[in-house]
Amino acid sequence: MATTALPKNAVLRRTVTSTTNDSSPSTAAGSPRDTPRQSPSSTSLSSMSSLEDAKDQGYGKLLDTHGNEFELPDYTVNDIRNAIPKHCYERSGLRGLSYVARDIASLATTFIIFNKFVTPEYIPSTPARAILWAGYTIIQGLFATGLWVLAHECGHQSFSPSKVLNDTTGWICHSMLLVPYFSWKISHGKHHKATGNMERDMVFVPKTREEYASRIGKFVHELDELAEETPIATIIHSIGQQLLGWPMYLFANVTGHNNHEKQHEGRGVGKKNGYFSGVNHFNPSSPLYEAKDAKLILLSDLGLAIVISVLTSLCKTYGFQNMLVWYFLPYLWVNHWLVAITYLQHTDPTLPHYTGASWNYVRGAAATIDREFGFVGRTLLHGIIETHVLHHYVSTIPFYHADEATEAIKPVMGRHYRANVEGGSLGFLKCLWTSARWCQWVEPSEGAIGEGKSVLFFRNRNSLGVPPLKIKAKN
């Protein structure tokens, strides 16, 4: 089976660098300046002076899915910040707005050209027109995803120095794409504060061995004995993920953590992720938020209500069939790209995840990976795929400085910086398949001891990489 997975001890490095020279600002909301304090059972990374120190902590032998020995990061957030040139923190509202104008102009120009020329008068062949309009939905989906990314910049305050401009622009752009801007912004900020934490991450928490076994109707001890998942099952699951993953996240918090009982205001008592549990991005009483967020959640809902009313009116005026091609199919492509990007930023055979006992900010931010999507990723999608590791350490650096800042932090991160650029754009798409086959659940390494048992790695039932733990059946 062809994969982009690394052979044992191999290292992938980014091959494309950029030397941008303009602006952006500093402290990310929720990104501490130094490694945050840990629970009593965890060891502060800032106290580690070398990788040997990490080994001496008694973690045992930690193996990623490829069988490479994993060592915990040994640097601090200040080390990262101090390595980045000061001008990379500078933001320009004018420059940010110019990119918004570019993306909106691209959407409008494409719409006008297709409606003007892809008609029976110019193209009599119905199949030819159908193919061209299918291409239209893909192109518009990419342009709209770029606009989504700029609203994402607004949510992180990396768009401009003005919070008012950031949130106004973000609210308008995200509402146009049926995204509840402030609701997403708040939960996404919490994701950045707890990336890779199995108990607190708000965006992507992989299945544990127990959860995966439950999903397929098996006992935990049976997973290491199961036959390979059929390729068709992987395909069906992947299609469902790409089509429905984003709305399922918004409506039911699918892939987000499920520990709502710990919500400090008591909002999560008795609540679990699900469609009718109140755990969603639209309810001001959701345990994803605090009472102080209520007005912002309602403002997000208002933005959606306005856009939905406009879309309803347009459907009545121009017909649903036209609106399906003009808006709703490109919207599904946007959903696809959002899920693909997020999934591949946090899912790879080399990446660890942590329970609360072993997690801290530095470790979590390093549990991400950069990939390469060529012109589409770097130009249309504003580099969100290629510079994600940096983004998790300093989320207020604007995308047009992210390449330079990424190069600056590589010497600090050393072996802990991860990138998979094999195959370029096609390699990125191929990773949707390989990650689905290699990364089915997370569990501790067989040789882990002590706190090392709280460092989890992907395993699978497909005989790929390190085999799952052998667990005895309980009597």
Side-chain angles (χ1 to χ4, degrees), residues 97 99-116 118-119 129-130 132-155 167-188 240 242-254 275 280-284 286 295-342 380-381:
L97 287 172
Y99 283 106
V100 172
R102 187 202 75 178
D103 287 352
I104 291 176
S106 298
L107 287 162
T109 301
T110 304
F111 178 82
I112 292 169
I113 290 174
F114 271 76
N115 279 278
K116 175 71 174 176
V118 186
T119 62
R129 290 200 310 276
L132 287 171
W133 278 108
Y136 166 91
T137 68
I138 296 171
I139 294 168
Q140 294 292 72
L142 288 170
F143 287 146
T145 303
L147 192 63
W148 195 104
V149 172
L150 293 177
H152 167 270
E153 293 267 302
C154 293
D167 286 340
T168 301
T169 305
W171 180 73
I172 292 171
C173 292
H174 262 177
S175 295
M176 289 166 56
L177 299 170
L178 297 179
V179 178
Y181 171 71
F182 291 103
S183 308
W184 163 84
K185 171 186 171 181
I186 294 166
S187 66
H188 189 71
Q242 295 309 120
L243 274 177
L244 302 175
W246 176 242
M248 288 172 68
Y249 170 68
L250 292 178
F251 282 95
N253 199 44
V254 171
Y275 291 102
N280 59 59
H281 284 73
F282 310 100
N283 182 0
S286 170
K295 292 181 180 179
L296 294 175
I297 309 307
L298 291 174
L299 185 56
S300 300
D301 294 344
L302 174 63
L304 297 183
I306 293 171
V307 173
I308 290 171
S309 66
V310 171
L311 291 173
T312 301
S313 177
L314 291 173
C315 285
K316 291 177 179 178
T317 303
Y318 297 102
F320 178 75
Q321 185 174 352
N322 281 328
M323 288 300 295
L324 178 67
V325 176
W326 291 345
Y327 182 90
F328 294 110
L329 290 179
Y331 168 78
L332 290 180
W333 278 110
V334 173
N335 290 357
H336 157 72
W337 290 120
L338 294 181
V339 174
I341 291 166
T342 304
L380 301 186
L381 306 185

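In this text, all values refer to a predicted model and were calculated from it rather than measured experimentally. Every heavy atom of this structure was used, including side-chain atoms; hydrogens, water molecules and symmetry mates were not.
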Taking C-beta and beyond as the side chain, do [X] and [Y] meet within less than 4.5 Å on heavy atoms?
| X | Y | value |
| --- | --- | --- |
| Tyr181 | Asp167 | yes |
| Lys295 | Leu299 | no |
| Val310 | Val307 | no |
| Tyr318 | Trp326 | yes |
| Leu311 | Tyr327 | yes |

Assign the ring pair [X] / [Y] to parallel, tilted or perpendicular, where the plane angle (0 to 90°) is split at 30° and 60°.
| X | Y | result |
| --- | --- | --- |
| His336 | Trp333 | perpendicular |
| Phe251 | Phe282 | tilted |
| His152 | Trp184 | tilted |

Testing the basics here: between [X] and [Y], what is the closest heavy-atom pair and its distance to 0.1 Å?
| X | Y | result |
| --- | --- | --- |
| Leu142 | Leu381 | O-CD2, 3.7 Å |
| Leu250 | Leu178 | CD1-O, 4.5 Å |
| Leu329 | Val325 | CD1-CA, 4.4 Å |
| Leu298 | Pro284 | CD2-CG, 3.6 Å |
| Arg129 | Thr119 | CD-C, 3.6 Å |
| Cys173 | Val100 | SG-CG1, 4.2 Å |

Give a yes or no on whether Phe328 atom CZ has more than 12 heavy-atom contacts from other residues, nucleotides or ligands under 6.0 Å away. yes

How far apart are the C-alpha atoms of Leu380 and Thr145, what are their side-chain angles, what is the distance that settles it, and do they pass the side-chain contact (heavy atoms from CB on, under 4.5 Å) test? CA-CA 8 Å; Leu380 301 186; Thr145 303; over 6 Å; no

At what distance, to the nearest 0.5 angstrom, does [atom1] of [X] lie from [atom2] of [Y]?
| X | Y | atom1 | atom2 | answer |
| --- | --- | --- | --- | --- |
| Phe320 | Leu314 | CZ | CG | 12.5 Å |
| Trp148 | Glu153 | CH2 | CD | 11.0 Å |
| Leu107 | Arg102 | CG | CZ | 10.5 Å |
| Trp133 | Asn322 | CH2 | CG | 8.0 Å |
| Leu304 | Ser309 | CG | OG | 10.5 Å |

Could you check Asn335, Val339, Leu332, Val254 and say which one makes a side chain to side chain contact (heavy atoms under 4.5 Å, CB included) with Pro247? Asn335

Examine Phe182 together with His174 and report whether their ring centres are nearer than 6.0 Å.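 Ring-ring flag for Phe182/His174: false, centres at least 6.0 Å apart.
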
Just do the side-chain contact (heavy atoms from CB on, under 4.5 Å) check on Phe143 and Thr110 with the steps written out, would you? CA-CA 10 Å; Phe143 287 146; Thr110 304; 3.3 Å; yes

Side chain to side chain contact (heavy atoms under 4.5 Å, CB included) with Thr109: which residues, sequence neighbours excluded? Ile113

Please determine which of Ser300, Ser286, Ser183, Ser187 meets the side-chain hydrogen bond (donor to acceptor under 3.5 Å, both in side chains) test together with His281.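 Among Ser300, Ser286, Ser183, Ser187, the one that satisfies the side-chain hydrogen bond (donor to acceptor under 3.5 Å, both in side chains) with His281 is Ser187.
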
Without swapping roles, check the side chain of Trp337 against the backbone of Ala144 for a donor-acceptor pair under 3.5 Å.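 Such a contact is absent between Trp337 side chain and Ala144 backbone.
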
Between Ser175 and Ile172, is there a donor-acceptor pair closer than 3.5 Å when you use the side chain of the first and the backbone of the second?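 No: the side chain of Ser175 does not pair with the backbone of Ile172.
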
